[in-house]
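Data first, discussion second: the structure below is written as structure tokens.
Just so we're clear, the structure is a prediction, and the values are computed from it rather than from any experiment.
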2 protein chains.
Amino acid sequence: MFSIVMGMRGSRHDLDGLVEAALQLLDEFGLPDLSMRRLATHLGVQPSALYWHVANKQTLLAAVADRIVAEAAASSQESVTETAWGLREALLRHRDGAEVVISSAALSLGPGPLELRLRAAYEAQASTDPARDAAVTAQFLMGHAYLVQQRMQAAAIGAYDAVPAQVAESTRADFAAGLSALAPRGS
Amino acid sequence: MFSIVMGMRGSRHDLDGLVEAALQLLDEFGLPDLSMRRLATHLGVQPSALYWHVANKQTLLAAVADRIVAEAAASSQESVTETAWGLREALLRHRDGAEVVISSAALSLGPGPLELRLRAAYEAQASTDPARDAAVTAQFLMGHAYLVQQRMQAAAIGAYDAVPAQVAESTRADFAAGLSALAPRGS
DNA sequence: ACCTGAACACCGTTCAAGT
DNA sequence: ACCTGAACACCGTTCAAGT
């Protein structure tokens with residue numbers, strides 16, 4: 001209660017707390033306005049204090065990306081299609097979520113968590129090349145989500161001619177079409 | 001000759017000149033270091049002078065993106081597969097080219113030039129839904145190129161375990177696999 | 001161990017004023 | 001028409017010093 005009234009001023013922080021606060025600011029202000037200085041102010045701390053907990057902004061954003069992906073419903077026994085839809089939803093749930101995830105994806109050496117989840121699903125489906133299938137589907141999924149999210153935000157601002165809901169519906173059909181080509185059930 | 005020795009100092013500029021200079025700096029320094037101030041210095045002009053020719057940085061980057069896409073070999077009578085490979089090559093040719101193109105793609109209202117080129121190819125191939133096929137393929141193409149380009153740059157820095165050439169070869173196979181699923185020749 | 005204070009080397013953009 | 005000069009409101013990051 002006290003710390004809520006006073007903000008976070010004076011409280012101790014760890015990496016997890018930074019990630020949570022960053023995700024909150026991301027949803028509220030968007031990626032272009034998510035600065036280390038703003039995050040520090042939000043936590044009631046000097047900018048330099050953040051660098052005790054995290055090496056740099058890029059590392060922090062990678063942790064935010066992992067958190068976003070981890071939020072995708074993770075019931076095992078899921079088909080490739082279900083897994084992909086769940087991941088898509090997770091990226092679209094947070095403002096600029098797709099951009100955060102795709103821009104961190106290649107920096108983490110090797111396949112990131114998103115690609116690994118898809119790979120597990122392809123393996124369960126007895127694909128002949130789960131690694132390749134997962135890579136391709138991950139590329140489509142992230143590219144799709146990135147483009148869709150930008151357009152929906154543009155539509156929300158009104159810089160676009162169509163209603164957000166229309167855009168959303170049409171992009172679901174895009175995703176379904178791509179998925180059915182890339183993840184034929186059976187093999 | 002004179003203007004080469006003296007740099008661009010004092011010469012008049014238009015939008016096309018800015019785009020050309022920006023593309024040059026992009027290749028040399030990469031997107032994170034392509035600033036309006038650096039571009040101005042390169043042209044021998046004050047930063048504020050750029051805003052006579054272009055509304056803002058975002059607009060300039062959109063023009064750079066269009067230039068990159070326009071550089072893709074554009075012989076009509078090309079199959080979807082050939083068109084897609086040509087576009088992929090164009091994005092990968094310039095440093096951070098894929099990022100520049102994907103981040104501008106959704107800001108231009110409606111389908112951008114990359115998607116339109118694919119649509120024309122799908123139409124020539126008598127697809128039942130050229131607009132949807134082009135949208136899906138564009139999403140895969142840009143997502144793929146973005147991820148591939150980042151990884152290849154990481155490999156070049158040595159932050160990666162594999163040789164750049166290996167990475168490049170493996171990603172060509174990814175692209176081929178995605179394309180053959182999304183662009184079945186015939187229908 | 002965790003944070004402050006102060007600095008360094010930058011940004012994009014605006015706008016009056018010059019030519 | 002095209003550019004300068006100066007300012008505004010910011011950035012990410014480092015590092016000595018405090019507690």
Quiz item: Do the side chains of A:Gln139 and B:Met142 get nearer than 4.5 Å, heavy atoms only?
Solution: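 No. Closest side-chain heavy atoms not under 4.5 Å.
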
Which whole-number value in Å describes the distance from [X] [atom1] to [N] [atom2]?
| X | N | atom1 | atom2 | result |
| --- | --- | --- | --- | --- |
| B:Leu31 | C:dC11 | CG | P | 13 Å |
| A:Tyr51 | C:dA1 | OH | C1' | 20 Å |
| B:Lys57 | C:dC11 | NZ | P | 9 Å |
| A:Trp52 | C:dG5 | CH2 | C1' | 17 Å |
| A:Leu50 | C:dT4 | CG | C1' | 13 Å |
| B:Leu39 | C:dC11 | CG | C1' | 14 Å |
| B:Asp33 | D:dG12 | CG | P | 15 Å |
| B:Asp14 | D:dC3 | CG | C1' | 15 Å |

Quiz item: Would you say a side-chain N or O of A:His53 is under 4.0 Å from OP1 or OP2 of C:dA1?
Solution: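 Negative; the distance criterion is not met.
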
Self-check item: Side-chain N or O of A:Gln46 closer than 4.0 Å to phosphate OP1/OP2 of C:dC3
Solution: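 No, A:Gln46 has no side-chain N/O under 4.0 Å of OP1/OP2 on C:dC3.
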
Quiz item: Do the ring planes of A:Phe140 and A:Phe175 sit parallel (below 30°), tilted (30 to 60°) or perpendicular (above 60°)?
Solution: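 A:Phe140 and A:Phe175: parallel rings.
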
Quiz prompt | B:Arg151 side-chain N/O to A:Gly110 backbone N/O, donor-acceptor pair under 3.5 Å | solution =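 Looks like yes, one N/O pair under 3.5 Å.
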
Distance check, [atom1] atoms only: [N] and [M], in whole angstrom units.
| N | M | atom1 | value |
| --- | --- | --- | --- |
| C:dA17 | D:dC2 | C1' | 13 Å |
| D:dC3 | C:dA16 | C1' | 13 Å |
| C:dC11 | D:dA7 | C1' | 14 Å |

Practice problem: Please give the nucleotide sitting opposite D:dC15 as a Watson-Crick or G-U wobble pair, both distances under 3.5 Å, or none. | Solution: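 The base-pairing partner of D:dC15, which may sit in any strand shown, is C:dG5.
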
Quiz item: If each of A:Arg38 and A:Ala55 is mapped to the nucleotide of DNA chain D with the nearest heavy atom, which maps nearer the 5' terminus, i.e. the 5' end?
Solution: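 The residue mapped nearer the 5' terminus is A:Arg38.
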
Quiz item: Closer to the 5' end of DNA chain C via nearest nucleotide, is it A:Arg37 or A:Ala49?
Solution: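 Closer to the 5' end of DNA chain C: A:Ala49.
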
Quiz item: Is any side-chain N of the basic residue among B:Glu123 and B:Arg119 closer than 4.0 Å to the acidic one's carboxylate O?
Solution: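 B:Arg119 and B:Glu123: not salt-bridged.
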
Self-check item: Closest to side chain of B:Ser48, choosing from C:dC15, D:dT13, C:dG5
Solution: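 Output: C:dC15.
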
Exercise. Starting at OH of A:Tyr122, measure out to CD of A:Gln125 and round the result to the nearest 0.5 Å.
Key: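 A:Tyr122 OH to A:Gln125 CD: 7.5 Å, rounded to 0.5 Å.
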
